[in-house]
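In this text the structure is predicted, and so the values were computed from the model without any measurement. To find a chain, count down the sequence lines: A is the first, B the second, and so on, and within it residues start at 1.
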Amino acid sequence: QENKGPQLNGYIQTRFSSNLNTTSEFMVRRAKLWLKGDVPRLDFISYKLQVVYRSFKDQNFTFQDALADIHLKENGLFRLGRFVPDFMMQRMQPDYRIPVLERATVINALNMNPKYGARMIGLEYLYSHPGQPWHASIGLFNGNTDKPAHNNNSLLVTSQLNRKFSFADKSDLTLGGSVAYRNITQMSLPTIYAAGSLISGDDFRWGTEALLHSGHFHLQAEYIQALLNSEKADGYYLLGWYDFNSHYQLTAFTDKYTDLNPATANHSWYGLGFNYLMTEKTKLMADFRCSDLDQNPVYSANIQLQIFFR
Amino acid sequence: QENKGPQLNGYIQTRFSSNLNTTSEFMVRRAKLWLKGDVPRLDFISYKLQVVYRSFKDQNFTFQDALADIHLKENGLFRLGRFVPDFMMQRMQPDYRIPVLERATVINALNMNPKYGARMIGLEYLYSHPGQPWHASIGLFNGNTDKPAHNNNSLLVTSQLNRKFSFADKSDLTLGGSVAYRNITQMSLPTIYAAGSLISGDDFRWGTEALLHSGHFHLQAEYIQALLNSEKADGYYLLGWYDFNSHYQLTAFTDKYTDLNPATANHSWYGLGFNYLMTEKTKLMADFRCSDLDQNPVYSANIQLQIFFR
Amino acid sequence: QENKGPQLNGYIQTRFSSNLNTTSEFMVRRAKLWLKGDVPRLDFISYKLQVVYRSFKDQNFTFQDALADIHLKENGLFRLGRFVPDFMMQRMQPDYRIPVLERATVINALNMNPKYGARMIGLEYLYSHPGQPWHASIGLFNGNTDKPAHNNNSLLVTSQLNRKFSFADKSDLTLGGSVAYRNITQMSLPTIYAAGSLISGDDFRWGTEALLHSGHFHLQAEYIQALLNSEKADGYYLLGWYDFNSHYQLTAFTDKYTDLNPATANHSWYGLGFNYLMTEKTKLMADFRCSDLDQNPVYSANIQLQIFFR
């Protein structure tokens, strides 16, 4: 039997956003292309290369993933190259699959490399099989994200562990958590501290996660904390959605993230959304979000069309 | 029947240019690659993603198009994403198809976004069918090209309308025109005003166009005007060509563009060219241009090989 | 018979390096993708387009090759576009094929355009057929690499000539050399002179090369010299390797490069390596290098996994 040659995949997300007041924008949120396949004559090794274009990142395609997976049959796989470390449940769900337009604020702020879309260079062992209740991983990465090609002995260790509990009524609940640790030297952490700050010392992060599927109803929640020496940044989100049928979804969510930057306000966000799935991956999504309704209300209304091709 | 999966297309234009005096250059004028196909299970939606490499734009591929077309059968299509607004006849003819090495000066100067190869983010309705005499479009775009992802309420509206008249002797004449309007705030228009100028106010542009096919002889002409508040930039071109047979073409052209930059001379250009079409799209082209023959003659001689692969 | 449509090829090189003391790094050394095929209906013309990603060059894919080959059957080919001029034996051996992790220092320093991976824009005639003992080439390029799209009359001429001598015991020896010449004006040559120096005048380079295959044993050596006006930069390498079988290789090498930059030390390097070829092009490579053992020893240990997909 033939192994799989290079296969090209991709999707476009086109979005209209408005704050219902002074500004509105129309943009290509993402145009992603990836190439994957098996290594010729070594079909236990698969690879993936991915590039992304975003309106707000100049006009160039940016490189994201270059990874190889060495499959150990029933015993998981080793992944090496440049990819997202297995840390935090929602970060590991593909953006084209999640029922919301953006991941929660805390997920985008506390991943290990927000400057480069969470991608890091390293090695990971991943145990995850459909039909198996356990998911487990341990990874080693170059933790110095300011100079990606140099290490300065800043090794990052990550691990995630969760288990799916299946019930008699075909509902299921996944519970778990993840941890990450590195010792950093004069590194910038712009989504946690004020711009221009350079941080040294221990950078420990952990999170706990839950995902419930019960008939047409689904609920997902995470709490994540970053401990930088004796200082703490943390946040959570709660996301529920209801499938009317295979084409229509209603969503409701709240999220809150508290950073260590005195210039930011850290208010909670509340939102509602509606999705029309033309096919499983080609969909029209709309949501409405608001924050700080008492003092200085901020609104955001968004419509997104996602077109997926193979 | 199967719908079309991702298909990769592209071409290279390699060019040698000389001013017949002090400078000559050899360059990759364009290396373009695009991916197109139908959305799986939604074959009334097609998409296109395009990147381009040019010698004089660093050594990177630049992103150009990310668009989706929603086809309404006999009633045209909706196009959305990032693409060239349907404005000015020659701008809409693909560079690999036109019988000259470059589009006319006025076309390159007065398109709505010269900095990014005329590409803009927006939505367009396009009515255009082979066999139908009418071509019509109306488009809405983010008109603020200085900050592509932010709007500042600078909505651009474009429209093009033309009709083909067919005659008994198998010749035909297409006549039409296009308009575009936006209100701009502190925007740079470097192909119209001096570098560094920031312009505010009304930006209205219109053009009229004609294309005649008569046996082996072809003639194309456009006049385009930009009205910026009370100031006017305008230009025209006239392009004729003669097919000896399916392999050899002779071309003659003139163009003139008058901008609002006191530092530029705005002389007319005159040119002659000869094309050898090895296949319809793989061709060797040569031309000779001159300007300001009385005072300070400027010459340009160019040879270009275009190789098209699928 | 069908001609070849666009075919996508590529490989990833993931590397771990350490100086056995203060620094270690894990990086994607290269992720290369190229597209090649024949021009539709002109199957004597083939083309290639190549991009590369490297950890230490930002996060973007960089454009490398855009070339077309016009094949003259038994009489070689004309190559035009952007590609590596045929100069120096090891520079012309693909990096995925050489039995070492990096080409010799002198090869990386004295190619004609180190800033852009040796790529230049030009035209080359190449005579090289499997089964024929002679390899010959002559090329004309834009020699001004500071401004790739402008010439300033800096024409570069290159030529390579070598011959393979086959012996009765199935061993063979290839001997030859290459030359290159250009006249430069205020150009930077950062791998030869101190950073910031601008050089004018004659830039003549030549090299001589030898490659021996004798059963399981292989030996390759080159000496290259650059003559810049009356100043000389030069270097050599000697590389031997032994195939235990089709899967395991042992390598030993030395190289030395003497530049014209007073800030660099120009010590010799000595190294040993071991390669495990899982398939011909997918391989795990390791080496250990050292320099200046008497005064100020420098070590480098490297492990590289190369995954090749079609």
Charged N to carboxylate O under 4.0 angstrom, A:Arg289 versus A:Glu102? no
At a 4.5 Å cut-off on heavy atoms, which part of B:Leu35 comes close to chain A: side chain, backbone, both, or neither? side chain
dist B:Asn142:CG -> B:Arg182:CZ (nearest 0.5 Å) comes out at 9.5 Å
Could you tell me which portion of A:Phe309 (side chain, backbone, both or neither) has an atom closer than 4.5 angstrom to a non-hydrogen atom of chain B? both
Would you say the ring centroid of A:Phe308 lies under 6.0 angstrom from that of A:Tyr96? yes
Check each atom of A:Leu8 against the heavy atoms of chain B and say whether the ones under 4.5 Å are side chain, backbone, both or neither. both
Test item: A:Gln304 and A:Leu284 side chains (from C-beta on) under 4.5 Å apart, heavy atoms: no
